[in-house]
Amino acid sequence: MDFDVVENKIKASEITLNGTVNIKNIQSGQINNVIVSTNTPLDQNRLNGIFIFTKLLATITPEFTNNNKTMNLTTISQTAEQFTLQNNFRNNQTQLAALFDSYAPVQQLLLSLDTREQLEEIIKPLLVAEIAVETQNLPLNHPYLRVFNHLSNLPFGNINKNKNKNNFHNVNSGTLFRCQSACSPAACNLTNSQYEFWFEGYYRAENISGDSNALGYKTSRSGMMVGVDRRIGNNLTTCLVFCYGNPYAYNSIAKIEADDYMFGTYARLKISEIYANAFWGYGYQNYELRRNLANNMNNNTKYNGDSMYASLEVFKPIRLQNNFTVSPLAAIDFQKSWADGFNVNVAGLPLSIVKSDLEQTVLRIGVNSCYKNLRTRLQYGYQVAGDLYGISRTSITGGNNSRILTGTNLGRNTLNVGFGGNFKIGKRTKLFADYDFDLGEHSTSHTGQFGIVTNF
């Protein structure tokens with residue numbers, strides 16, 4: 001039978017209980033006078049067999065007083081947070097369990113749990129807050145690298161053959177524009193056009209493994225970039241670029257999709273034998289959170305975000321053979337994203353996620369090479385400042401506690417390997433394609449891009 005220890009207390013002159021009891025309205029501490037006999041003593045052995053319970057977070061034991069005529073119930077409990085700390089739950093599960101501990105409407109539910117799996121299940125819907133934290137990383141897609149792929153492959157035009165083959169100071173840069181199409185002067189074959197238009201489509205897929213903080217997730221991004229370059233004199237090219245992307249991140253809990261718009265400007269400057277590429281961009285994101293309810297990604301919540309990008313890359317081309325060039329490089333990259341806070345109702349609980357941001361500054365070194373119409377990249381990045389993971393403060397509206405959730409620790413080290421090629425389809429027009437593989441401490445990603453460039 002169901003037995004509410006608060007509302008269904010028993011008082012009689014003679015009491016006999018048989019069978020099993022499902023205790024309801026469990027409370028921490030002691031509840032007095034649950035059963036009171038006004039005449040004969042209670043059967044202590046039988047009542048112990050009925051009322052001794054061990055739950056996941058609570059142990060309930062009878063206590064007999066008044067010459068065994070009165071039974072009280074004592075509940076010794078621990079918090080959900082304490083249990084998760086003792087039993088190797090992930091950090092975010094512990095933080096969300098602590099929110100439950102401070103939210104009165106769920107106390108009875110917590111004390112009635114029998115298994116770890118039941119606790120995991122009631123925490124699980126709140127993990128939508130975790131993926132919201134993780135997707136602070138979604139806008140940080142290194143747009144400057146795709147731009148620099150166009151600029152950094154061949155910084156010279158027609159070589160003065162009477163000069164040393166390694167002396168790029170003597171390049172006839174009047175024929176130089178972007179010339180990313182090949183390494184040989186003949187393959188460049190550029191006109192004296194002042195303007196260049198380029199367009200590309202790209203796709204990027206990334207897998208972020210979980211750690212002691214978070215569950216892990218996957219991302220996918222498809223999009224396009226369009227740019228216009230203008231040559232100013234022989235040594236400077238200035239450019240404008242617009243990018244639209246449709247990224248999303250997902251795991252078994254939820255999916256967050258975005259419309260991501262970015263406007264940027266970049267430039268290349270030649271100083272003696274050294275070349276510098278610079279980039280600055282600003283992005284705006286419209287996010288949509290879709291929770292997984294009965295394996296159906298629905299029940300949407302919308303919010304907005306912003307992002308900013310800057311990069312400076314310096315390199316020196318070295319001609320090793322007539323058609324083979326290597327370019328050692330060093331760069332500093334900066335990315336930052338910040339997202340608005342929002343409220344979402346999760347399993348009947350009003351969850352509040354406050355505004356948050358993620359910032360990264362990375363030093364990058366490597367070497368690019370070019371042979372005829374083919375090019376390769378090998379680069380290493382080390383994060384010197386900023387955040388290794390996203391953070392966000394989360395609370396249950398009406399509770400008296402808030403906790404900080406943290407994303408997956410992405411680590412400081414990354415390695416990039418890439419290659420590409422191109423071919424001319426006309427005097428002023430070329431097609432190009434690139435592939436890049438990126439390996440991080442807790443992530444892997446694949447990026448492919450294909451586009452067209454024309455002079456006018």
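Position 1 is the first residue of the sequence, and the numbers go up from there. All heavy atoms count here, side chains included; hydrogens, waters and symmetry mates do not.
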Which pair of non-hydrogen atoms, one from [X] and one from [Y], has the smallest distance, and what is that distance?
| X | Y | result |
| --- | --- | --- |
| Phe199 | Gly201 | CE2-N, 4.3 Å |
| Thr219 | Ala249 | CG2-CB, 3.9 Å |
| Asp436 | Gln449 | OD2-OE1, 4.3 Å |
| Tyr380 | Thr414 | CD1-O, 3.3 Å |
| Thr94 | Glu81 | CG2-CG, 3.8 Å |
| Thr79 | Leu57 | O-CD2, 4.1 Å |

Below 4.5 Å, heavy atoms only, C-beta onward: do [X] and [Y] meet side chain to side chain?
| X | Y | result |
| --- | --- | --- |
| Asn246 | Asp259 | yes |
| Leu410 | Gln360 | yes |
| Ser327 | Tyr275 | no |

Practice task
For side-chain contact (heavy atoms from CB on, under 4.5 Å), just list the numbers for Gln136 and Ser392, CA-CA rounded to whole Å, side-chain angles, deciding distance to a tenth of an Å, and then say yes or no.
Solution key: CA-CA 10 Å; Gln136 295 172 23; Ser392 180; 4.2 Å; yes
Exercise for the section: Please determine which of Asp438, Asn368, Asn416 meets the side chain to side chain donor-acceptor pair (under 3.5 Å) test together with Gln379. Expected result: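 When side chain to side chain donor-acceptor pair (under 3.5 Å) is applied between Gln379 and each of Asp438, Asn368, Asn416, only Asn368 qualifies.
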Practice task
Using side-chain hydrogen bond (donor to acceptor under 3.5 Å, both in side chains) as the criterion, list what pairs up with Arg90, not counting sequence neighbours.
Solution key: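 Checked Arg90 against side-chain hydrogen bond (donor to acceptor under 3.5 Å, both in side chains); zero matches.
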Handout entry: Side-chain (Asn92) to main-chain (Leu405) donor-acceptor, under 3.5 angstrom
Key =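 The answer is no, because no donor-acceptor pair under 3.5 Å joins these two groups.
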Practice task
Would you please classify the geometry between the His142 ring and the Tyr144 ring as parallel, tilted or perpendicular, with 30° and 60° separating the classes?
Solution key: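 Ring orientation, 0 to 90° scale: perpendicular.
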Practice task
Decide whether Tyr248 and Thr135 meet the rule of one side-chain donor and one side-chain acceptor closer than 3.5 Å.
Solution key: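 Tyr248 vs Thr135: no donor-acceptor pair found between side chains.
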Exercise for the section: Examine the side chains of Asn277 and Glu313 and answer whether a donor and an acceptor come within less than 3.5 Å of each other. Expected result: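 Yes - a donor-acceptor pair under 3.5 Å links their side chains.
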Exercise for the section: Kindly say whether the aromatic ring centers of Tyr284 and Tyr261 come within a distance under 6.0 Å. Expected result: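 Centroid separation for Tyr284 and Tyr261: 6.0 Å or greater.
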Practice task
Taking the six-membered ring for Trp and the single ring otherwise, decide whether the centroids of Phe419 and Tyr435 are under 6.0 Å apart.
Solution key: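 Centroid distance Phe419-Tyr435: below 6.0 Å, so yes.
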Problem - Tyr389 atom OH, over 12 foreign heavy atoms within 6.0 Å - result: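 Incorrect, the count does not exceed 12.
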Handout entry: Lys218 NZ: over 12 foreign heavy atoms closer than 6.0 Å
Key =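 No, the 6.0 Å shell around NZ holds no more than 12 heavy atoms from other groups.
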Problem - Cation-pi check, Arg116 onto Phe89 ring (under 6.0 Å, within 45° of axis) - result: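 Judged by the rule, Arg116 and Phe89 form a cation-pi pair.
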Handout entry: Verdict with supporting geometry, Val226 and Tyr244, side-chain contact (heavy atoms from CB on, under 4.5 Å)
Key = CA-CA 9 Å; Val226 58; Tyr244 169 77; over 6 Å; no
Practice task
Please lay out, stage by stage, how Tyr250 and Glu257 fare under the test side-chain contact (heavy atoms from CB on, under 4.5 Å).
Solution key: CA-CA 9 Å; Tyr250 64 97; Glu257 188 171 0; over 6 Å; no
Handout entry: salt bridge (charged side-chain N to carboxylate O under 4.0 Å, His left out): pairs with one or both residues in residues 132-146, sequence neighbours excluded
Key =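 Counting only pairs at least two positions apart or across chains, the salt bridge (charged side-chain N to carboxylate O under 4.0 Å, His left out) contacts touching residues 132-146 are Arg146-Glu200.
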